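Structure first, commentary second.
Source: prediction; values computed, not measured.
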Amino acid sequence: MSVEPLSQKDIEDRLRELPGWSLAVDRLERTYRLGSHFAATAMVVHIAQVQEELDHHSDLTLGYNTVGLSVNTHSVGGAVTELDFALAERVEALAAGHGAS
């Protein structure tokens, strides 16, 4: 997997494939709403497992019935890379299974 910073155009093109995700300065971000605090907590645990598998970690925020992620690649100076999109895609798959919107 590439750990080179992506161009602005590459990022914009990739974001079209990930509804709900956005670029905030130098990070990919997304907030999910779930049916309950328990469901949000379970999703956080599953995201943490994926992050361990990928050895790539986001800032992860648990709210009452929300889960927020913010991610970039520290090893390339905090830029957005393919690693960030790989994590976002895996989280999207998880979110669907948890009924997140």
**Study point:** Between OH on residue Tyr64 and NE2 on residue His37, distance to nearest 0.5 Å
**Key:** 8.5 Å
Practice item. Check the pair Ser58 / Leu69 against side-chain contact (heavy atoms from CB on, under 4.5 Å), numbers first and verdict last. Key: CA-CA 6 Å; Ser58 69; Leu69 285 94; 3.6 Å; yes
Check your understanding: Going by heavy atoms in the side chains, are Thr61 and Val67 under 4.5 Å from each other?
Key -> no
Point to revise | Spacing of CG belonging to Leu28 relative to CZ belonging to Arg30, to within rounding of 0.5 Å | key: 12.0 Å
Practice item. Please examine the side chains of His56 and Asp84, heavy atoms only from C-beta on, and report whether any two atoms are closer than 4.5 Å. Key: yes
Review point. Are Gln51 and Leu60 side-chain neighbours, meaning at least one heavy-atom pair lies under 4.5 Å?
Key: yes
Practice item. Taking all non-hydrogen atoms of both residues into account, name the closest pair between Leu18 and Phe85 and its distance. Key: CD1-CD2, 3.6 Å
Check your understanding: In Å, rounded to the nearest 0.5 Å, how long is the span from OG1 of Thr41 to NE2 of His98?
Key -> 10.5 Å
Practice item. Look at the aromatic rings of Trp21 and Tyr32 and report parallel, tilted or perpendicular, splitting at 30° and 60°. Key: perpendicular
Check your understanding: Is Val76 close to Pro5 at the side-chain level, that is, under 4.5 Å between some pair of heavy atoms?
Key -> yes
Review point. Is the backbone of Ser36 close enough, under 3.5 Å, to the side chain of Asn65 for a donor and an acceptor to pair up by distance?
Key: no
**Study point:** Spacing of CZ belonging to Arg90 relative to CD belonging to Gln49, to within rounding of 0.5 Å
**Key:** 8.5 Å
Review point. Going by heavy atoms in the side chains, are Val80 and Asp26 under 4.5 Å from each other?
Key: no
Check your understanding: Rounded to the nearest 0.5 Å, what separation is found between the CG atom of Asp13 and the CD atom of Gln8?
Key -> 10.0 Å
Point to revise | Any donor-acceptor pair under 3.5 Å from Ser7 side chain to Asp10 backbone | key: yes
Review point. Do His57 and His74 touch side chain to side chain, with heavy atoms closer than 4.5 Å?
Key: no
Review point. At what distance, to the nearest 0.5 angstrom, does CG of Leu54 lie from CG of Leu87?
Key: 6.0 Å
Review point. Side-chain donor-acceptor pair under 3.5 Å between Thr81 and Glu4, yes or no?
Key: no
Practice item. Go through the steps to decide whether Asp59 and Arg27 satisfy the test side-chain contact (heavy atoms from CB on, under 4.5 Å), and finish with yes or no. Key: CA-CA 10 Å; Asp59 291 332; Arg27 307 176 72 77; 2.7 Å; yes
Review point. Judged by modelled atom types alone, do Ser101 and Arg33 share a side-chain donor-acceptor pair under 3.5 Å?
Key: no
Exercise for review: Would you mind checking if Glu12 and Lys9 are paired as a salt bridge, meaning a charged N to carboxylate O distance below 4.0 Å?
Suggested key: no
Point to revise | Note, Leu6 side chain near Glu82 side chain (heavy atom, < 4.5 Å) | key: yes
Review point. So do Val91 and His46 actually touch side chain to side chain, heavy atoms under 4.5 Å?
Key: no
Check your understanding: side-chain contact (heavy atoms from CB on, under 4.5 Å) between Leu62 and Met43: does it pass, once the steps are laid out?
Key -> CA-CA 9 Å; Leu62 173 63; Met43 186 168 157; over 6 Å; no
